[in-house]
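What follows is a short report on a single structure.
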Amino acid sequence: EKSGYPHFMLKEIFEQPRALDSTLHSLLSRNDMDFDFERVTIVACGTSYHAGLVGKYLIEELLQIPVDVYYASEYRYRPDVVEDSLAIFITQSGETADTIAAARKAKVSGNETLAITNVVGSSITSYVDRVLYTNAGPEIGVAATKTFTAQLLALEYFAIRAGESMGKLSVSQVRNFINSLRKIPLYVENTLNLNDIIEKEAKKIYKNKDMFFIGRSMNYPIALEGALKMKEISYIHAEGYPAGELKHGPLALIEEGIPVIALVPEDITYDKMLSNIKEVSARNAYVIGVSSNMDVGKYVDTLIKVPETELYLSPFVNVVVLQLLAYHAARLLGRDIDKPRNLAKSVTVE
Ligand code: F6R
């Protein structure tokens with residue numbers, strides 16, 4: 001049931017505070033979060049792959065351990081390198097054929113395996129040593145929304161607990177991190193209050209044929225995710241880029257009026273992002289800044305002011321803005337939002 005919402009996607013976007021709250025509850029009740037590994041390999045497809053990329057930045061930052069992230073469809077062509085690695089498989093449905101095939105391969109190569117999935121008893125769970133469940137509730141819209149933020153939360157929690165069990169984080173660091181996770185549902189709730197402002201922005205850009213999403217560090221995968229959401233439900237050609245890569249080619253595509261959505265968290269990427277914004281506004285792009293810092297307003301055509309969060313939590317608020325932007329663009333274009341053309345909710349062929 002859509003409970004009064006015109007689409008499942010919008011309902012599921014608005015369900016995120018509750019979904020995150022219940023995911024955190026179920027994670028906090030786990031008492032089997034002891035880990036010991038030297039490397040991490042993350043394998044997934046689509047939106048789950050983007051969650052994995054965010055996970056890479058987090059785990060490398062908190063644990064100082066190298067993390068590789070693979071598309072499941074590519075991981076299978078990798079040679080069987082036996083290493084002391086924990087392999088993490090992220091799949092909302094637990095039924096994605098490529099991700100399941102990758103999990104079997106990782107096991108054969110001697111990796112310890114962990115799955116992050118939203119569906120209890122799904123196929124992936126029988127191929128791995130351990131499972132972390134996101135508790136986001138069923139997701140009906142083909143475009144993944146609440147399960148993505150729940151995956152981010154599971155990865156944050158995993159990184160904190162792994163850091164604790166491996167002696168890389170102090171007791172007080174763990175306590176502080178966990179306390180900050182408890183604020184995520186409220187940050188997301190406050191971001192959802194920007195819906196009308198985001199809809200207005202969608203009205204300004206939905207007629208464009210192309211658009212760019214840029215970010216750095218943990219928000220680079222969020223730029224990829226924003227572009228994927230835009231492509232899959234509005235059918236607008238959208239590219240996500242690490243902002244620093246623009247001048248290595250794609251800047252040639254920037255022309256007057258092309259929308260560039262720039263993610264500008266108040267972290268180490270802040271100044272560099274402002275430089276990248278200047279590069280595109282000098283070419284008369286239409287720049288939408290997403291930031292908690294009002295100063296960004298001076299450099300962009302429109303600022304969407306998101307709630308201020310702790311370091312590492314900006315992806316949660318930024319992605320909600322991009323989900324809503326894609327939703328409204330698709331709605332203005334009259335697309336079949338819950339069932340985009342050519343796509344299926346879970347991809348059970350390799
Ligand atoms: C995009 C989307 C897909 C899935 C991908 C993996 O909105 O939903 O890209 O993320 O097909 O699906 P799961 O996570 O079920 O393995």
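For reference, positions follow the sequence shown, starting with 1. Counting starts at 1 for both ligands and their atoms, following the listed order.
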Exercise. With Y299, which residues qualify under side chain to side chain contact (heavy atoms under 4.5 Å, CB included), at least two apart?
Worked result: L274, I277, K278
Seminar exercise, completed: Per the under 4.0 Å non-hydrogen criterion, ligand 1 touches C45, G46, T47, S48, T91, Q92, S93, T96, V142, A143, A144, K229, E232
Exercise. Okay, side chain of T134, backbone of A136: is any donor-acceptor separation there less than 3.5 Å?
Worked result: no
Exercise. R335 and Y235: side-chain donor and acceptor closer than 3.5 Å?
Worked result: no
Problem set entry | Donor-acceptor contact below 3.5 Å, side chain D338 vs main chain M9 | yes
Exercise. Residues two or more places apart in sequence or in another chain: which of them pass side chain to side chain donor-acceptor pair (under 3.5 Å) with K183?
Worked result: E310
Problem set entry | Results of side chain to side chain contact (heavy atoms under 4.5 Å, CB included) for D295 - residues two or more places apart only | Y270, N293, K298
